[in-house]
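Just so it is clear, the structure is predicted and the values come from calculations on it, not from any experiment. In what follows, chains carry the letters A, B, and so on, assigned in the order in which the sequence lines appear, proteins first and then strands, with residues in each chain numbered from 1.
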Amino acid sequence: MKLLKVENVSMIFGGLTAVKEFNLELNQGEIVALIGPNGAGKTTAFNVITGVYTPTIGHISYKGKEITGQRPDQITKLGIARTFQNIRLFKELSVLDNVLIANHLHLKSNFLEATFKLPRYRREEKEILEKSLNLLEKVGLQDAQGEKASSLPYGKQRRLEIARALATNPAILLLDEPAAGMNPKETDDLTEFIRQIRDEFQLSIFMIEHHMQVVMGISDRICVFDYGVTIAEGNPYEIQNNQKVIEAYLGVAEDYA
Amino acid sequence: MKQKKTLLTVITIFVLFALVYLADQTLDPYKMRILNLCAIYVVLGLSMNLINGFTGLFSLGHAGFMAVGAYTTAILTMPDVVKGQNFFMAPMMKPLDTAHVPFFLALLISGILAGVVGYLIGAPALRLRGDYLAIATLGFAEIIRVVFTNMQSVTNGALGLKGIPVSANIWWTFGVALVTVLVIGSLINSSYGRAFKAIREDEIAAESMGINLFKHKVLAFTIGAFFAGIGGGLLGSLLGTIDPLMFRFFLTFNVLLIIILGGMGSITGTIISAFIITIGGELLRFLDESMTIGNLVIPGISGMRMVVFSALLMIVVLFFNRGIMGTKELSWDSFFNKFSKKPLAKGGNKQ
Amino acid sequence: MMNLNAVFQYFTNGMDLGTFLQHLTNGISLGSLYALVAIGYTMVYGTLRLINFAHGDVFMMTTYFAFYGVSTFMLPWYVSFILAVILTGALGMLLEKGAYRPLRNAPKISIMISAIGASFLLENLAVVLFGGRPKAFPSVKVLTDSVQFGSVSIQKLTFVIPIVTIIFLFGLLYLLNHTKTGMAMRAVAKDYETAGIMGVNVNLTISQTFAIGSMLAAVGGIMWGLKFPQIAPLMGVMPGLKAFIAAVIGGIGNIKGAVIGGFILGIGEIMIVAFLPSLSGYRDAFAFVFLIVILLFKPTGITGEKIAEKV
Ligand SMILES: Nc1ncnc2c1ncn2[C@@H]1O[C@H](COP(=O)(O)OP(=O)(O)OP(=O)(O)O)[C@@H](O)[C@H]1O
Ligand SMILES: [Mg+2]
C-alpha cells in the first residue's frame with residue numbers, strides 16, 4: 001500500500017524555489033534515500049512533508065488521506081516522525097525525559113488527572129516509562145538515562161534523537177543525515193541499526209544522507225535533488241550509473257564517496 | 001526509598017507548620033505581615049515561573065491577573081456597609097453590592113476568573129513569540145488596569161477599595177502557598193510538565209514530537225493566571241486596600257525579580273527567592289529612613305531602596321543569569337547525595 | 001467656507017472644521033513626538049533584536065538635563081537643550097555598554113530582563129536624584145506662544161514639532177544612506193556577525209546606533225517637555241510604550257515605518273478622544289488595543305513581510 005504520497009510539491013521562498021515539482025511514493029517497509037548537493041532542497045522537502053512549511057503548490061497524502069497544511073504535531077500524531085539535521089534534542093533535559101516527552105502525544109489523561117495522579121494517569125505513566133526504558137535499551141543508551149541530553153557524545157545524541165522519534169509510534173521515519181559526522185565504524189553500525197529498526201518497528205524510512213556507503217547499502221530506491229529539481233530516481237544501481245547524477249556530483253563526488 | 005522520601009516531605013511540612021504556629025505566637029504584627037507577604041510571593045512567583053520559567057513563554061501580564069483576583073476577592077468579601085461607604089461617587093452595580101461568599105470560595109472564584117481572563121488573553125496572544133508576546137501581555141495587563149480604572153460601578157474606579165476584610169492570616173497564606181507548591185510541583189513532574197519543558201527547550205522539536213504547542217501554552221498560561229488570581233486575592237485581603245495603580249507593571253517586575261533570582265524553572269529556587277526578596281526588601285527600608293550613628297544623623301534618601309533593588313536585578317541578570325538554582329531543584333535525592341557522595345545512579349526526574 | 005463647514009459637521013456629528021483641524025494638528029504634533037522616540041526603538045531593534053525598555057526613561061532623563069541646565073546652571077535655553085541632547089546620547093551609549101553588551105550572546109530573555117532592570121534603575125535613580133515630585137519644565141516663549149487663526153488659537157509648538165521631526169528624519173535618512181557610518185549601521189543591522197567579519201567595527205557601530213537613537217528621543221523629550229511642561233521620573237513610561245507600539249505598527253526595524261506608526265498612533269489617540277469623549281478614560285488603552293490587533297493580524301507591522309524560520 002502507498003503509505004505516503006507526495007504529488008507535484010513545490011516550495012518557494014520569496015524568489016527562491018527550494019523544491020520544485022517533487023513527487024514521491026513510499027510503500028510499507030521501504031527505505032528510500034534522498035541525496036543531492038548542499039542546498040539542493042532536501043531538508044526543505046522534509047519540512048514540507050512534516051508540516052513545518054506548507055507547500056506553495058502540491059499535495060501530500062498519508063494512507064490515502066490528504067495532510068497538506070496540517071500542523072507538525074498533527075502529522076506526527078498520524079504516524080510520521082523525524083530527526084533533524086542539526087540535532088534538536090531537549091538539551092537541558094535528561095536522556096530519559098527526552099524519550100518520555102515523545103510519548104506525550106498519545107496520553108489520554110487530561111492535566112487534572114496528571115496533576116492529581118489519578119489511576120488512569122498512573123497506569124499510563126507506568127506504561128510510558130517502561131516503553132521508554134525499553135527504547136533506550138534498544139538504542140544502547142540505558143546507562144545514560146539520567147544524563148543531560150547535551151552531555152552525550154555526538155553519535156549517541158543522534159541515536160537518542162532516533163529513539164525519541166520512535167517513541168511517537170511512527171509508521172514512517174524521516175532521518176535527516178543520520179550519519180553526518182560519524183566515522184566509518186559508526187557509519188556501519190548505523191546502517192545496521194536502521195535496517196534493524198525498520199524490521200522491528202515495521203517502519204518505512206525516508207532518509208537524507210551524504211554517505212554513499214550508507215545510501216547504496218540499504219536503500220530500495222534513491223531520489224536525487226539538484227537545485228530543488230528531482231534529476232533522477234531509481235534503485236542504487238541505476239543511480240550510480242546515471243549520467244545526470246554523476247554530473248551534479250562532479251567535483252564534490254570525492255567528498256561523499 | 002520512595003516511601004521514605006514521602007515521609008520526609010510530610011515531616012518537613014509538619015515542622016513548617018509548627019514554625020508557623022510559633023511565629024504566630026511570638027512575632028509582632030509587622031513581622032507577621034512580612035511573613036504573610038513571603039508566602040503570597042511564593043504563590044505569585046510559582047504561578048509566573050510556570051509560564052515563564054517552565055514553559056519558556058515570556059509573559060509580562062501578571063499584574064493584570066493579580067488585579068482580577070484582588071478585585072474579585074475584595075468585592076466578594078466586603079460587607080454591604082463598607083461597599084456603600086466606598087462607592088460614594090456612583091452606586092455599586094446591582095447584584096454585586098450585596099454579594100457575599102466565604103473567603104475560601106472568594107479565593108477560588110478569583111482564581112477561576114483570573115484563569116478565564118488568562119485564557120481569553122492567551123488564546124490570541126500566544127500565537128506570538130518572544131518579545132512580541134512580552135509586549136502583548138504587558139499591553140493586556142495595562143488594558144485590564146485601564147478598564148478597572150473606568151468601571152466605576154464595579155471597581156470604584158481610581159478611588160480603589162478600602163476596608164477589605166483582612167481574612168488572610170498566616171494559616172491562609174502558608175496553606176495556599178503549600179497547596180500551590182504541591183499542585184504546581186506535581187503538574188511539572190507529570191507528562192504535561194515535561195511537555196511544557198520541551199516547549200521551553202525547543203518549540204520546533206517539541207511540535208515535531210507531536211506536542212500541540214498552542215494547547216499546551218494556553219494550558220500553562222491559564223493555570224499560571226489561576227494561581228496569580230489567587231495570589232492577588234490574598235494580597236488584597238492582606239493589605240485591606242487596593243486600587244488600580246497598585247497593579248502597574250512594577251508589580252509584575254517584582255514577581256519577575258523573584259523568579260530570576262530563584263532560577264527560571266526551579267520551584268525550590270522560587271520559594272527561597274520569594275523569602276529573600278520580600279525580607280530583603282524590608283531590610284533595605286533603612287535606606288529610605290534616616291539613621292543615627294552616635295551623634296551623626298544620616299538622612300534617609302527616599303527611593304534609594306528601589307535603586308538598590310533595580311541594581312540588584314541588573315547584577316543578577318548580568319552576572320548570575322541562572323539565578324540561585326537555575327533549573328535545578330533541592331530534593332531529597334540531592335540532599336542525600338551531598339552527604340553520601342554516591343554518584344547519581346538513576347537520574348530522571350525527582351518525584 | 002460656511003458651506004464646507006456645514007457639510008463637515010454633517011459627517012462629524014457636529015464637530016466644526018476649526019475644532020477638527022485643531023485636533024488634527026494636535027494629533028500630528030503628538031504623533032511626531034512618538035515618531036522621534038519610535039525611531040530609537042526601531043534602530044536598536046533592527047540592530048540587536050532587542051526591545052530597549054529603557055528608551056522611554058532615556059527620554060525622561062533628557063528633560064531633567066534640560067531642566068537643570070536652565071534652572072541650576074542658568075544656561076540659555078538653546079545651550080541647555082543642545083547639551084541635554086548630547087548628554088542623552090552619552091547616556092544611551094553607557095546604557096548599551098553596561099546593560100546590553102555583556103549579554104550580547106546570552107539568551108534573549110536575559111537581555112530583555114536586563115533592559116527592564118535598566119529601565120527601573122533609571123526611573124528610581126531619577127526619583128533619588130531629582131525627587132519624586134513633578135517639576136515645571138522651562139518655558140520658551142518663542143516656541144510656546146500661540147498664534148491666532150480666525151477663531152482658533154494654536155500654539156506655535158504644534159507646528160514646530162512636526163517640522164523639527166521631519167528635519168531630523170531626513171537628516172537620519174541621509175546619514176544612513178549616504179555616509180560611511182550609516183552604511184556600517186545598516187550592515188550591522190542586517191547581520192552583525194558578518195559585518196564584523198567584513199571589517200566593520202561592530203561595537204562602535206552599535207554604540208553609535210544607541211547614541212543616535214537616544215539623541216532623537218532627547219529631541220522628542222525636550223519638545224514633550226515644552227508641550228506638556230511637567231516633568232517627573234515616570235513620565236517616560238507611557239510615551240516610551242506608545243512609541244514602541246508605533247514602531248511595531250510601522251514594522252519594527254523600519255525607520256519610515258516607525259514615523260508612520262507614530263503619526264497613526266498620535267492622530268488616532270487624539271481623534272478617538274475627540275470624537276468619542278465618553279471613551280476618554282480609555283485613552284491609554286487605545287494604543288495597546290491597536291498594538292494587539294496589529295500583532296495578531298499583521299505581526300510584522302504594516303510595512304513588514306513574513307519571514308519563515310529556517311529549520
Ligand atoms: N525558511 C527559509 N526561508 C528562505 N530560504 C530557505 C528557507 N529554508 C531553506 N531555504 C533555502 O532553500 C534552499 C534549500 O535548503 P535546504 O536546507 O533544503 O537544503 P539541503 O538540501 O537540506 O542542504 P544541506 O545538504 O546543506 O542540508 C537553500 O538555498 C536555503 O537557503
Ligand atoms: Mg539539509
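Of the two parts of Thr50(A), neither the backbone nor the side chain holds a non-hydrogen atom closer than 4.5 Å to a non-hydrogen atom of chain B. Neither the backbone nor the side chain of Ala81(A) comes within less than 4.5 Å of any heavy atom of chain B. Residue contact with chain B, scored on non-hydrogen atoms closer than 4.5 Å, involves the backbone of Ser109(A) exclusively. At a 4.5 Å heavy-atom cutoff, the contact between Ile223(B) and chain A is made by side-chain atoms alone.
Here Arg194(B) pairs with Glu125(A) in a salt bridge; the nearest charged N to carboxylate O distance falls below 4.0 Å.
Note that the CG atom of Asp202(B) and the CZ atom of Phe84(A) stand 6.5 Å from one another [nearest 0.5 Å]. Atoms OG1 and CG, on Thr115(A) and Leu182(B) in that order, are 12.0 Å from each other to the nearest 0.5 Å.
Residue-environment remark: NZ (Lys91(A)) stays at or below the threshold of 12 foreign heavy atoms within 6.0 Å. Atom CZ of Phe104(B) has 12 or fewer neighbouring heavy atoms from other residues, nucleotides or ligands inside a 6.0 Å radius. With a 6.0 Å radius and a threshold of 12 heavy atoms from other residues, nucleotides or ligands, Lys156(A) has its NZ atom at or below the threshold.
At least one side-chain heavy atom of His104(A) sits less than 4.5 Å from a side-chain heavy atom of Tyr192(B). Contact annotation: the side chain of Ser190(B) never approaches that of Phe111(A) to less than 4.5 Å [non-hydrogen atoms, C-beta and beyond].
Contacts with chain B were tallied for Thr83(A), Thr168(A), Leu89(A), Leu93(A); Leu93(A) has the most, counting heavy-atom pairs under 4.5 Å. In terms of heavy-atom pairs under 4.5 Å with chain B, the best-connected choice from Glu124(A), Arg71(A), His106(A) is Arg71(A).
Looking at Tyr121(A), its side chain does come within 3.5 Å of a backbone N or O of Ser191(B) through a donor-acceptor pair. The main-chain N or O of Ile101(A) is never found under 3.5 Å from a side-chain atom of Lys197(B) such that the two would form a donor-acceptor pair.
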Please list, one pair per line, the donor and acceptor atoms closer than 3.5 Å that link side chains of residues 109-117 of chain B to other protein atoms, with sequence neighbours excluded.
unit_1    : atom_1 : unit_2    : atom_2 : d
Ser110(B) : OG     : Gly69(B)  : O      : 3.1
Ser110(B) : OG     : Thr73(B)  : N      : 3.2
Ser110(B) : OG     : Thr73(B)  : OG1    : 2.5
Ser110(B) : OG     : Ala106(B) : O      : 2.8

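For residues 208-219 of chain B, a heavy-atom distance under 4.5 Å to chain A picks out Ser208(B), Met209(B), Gly210(B), Ile211(B), Asn212(B), His216(B), Leu219(B), given by residue number.
Across every non-hydrogen atom of Ala205(B) and Phe90(A), the tightest pair is CB-CE2, 3.8 Å.
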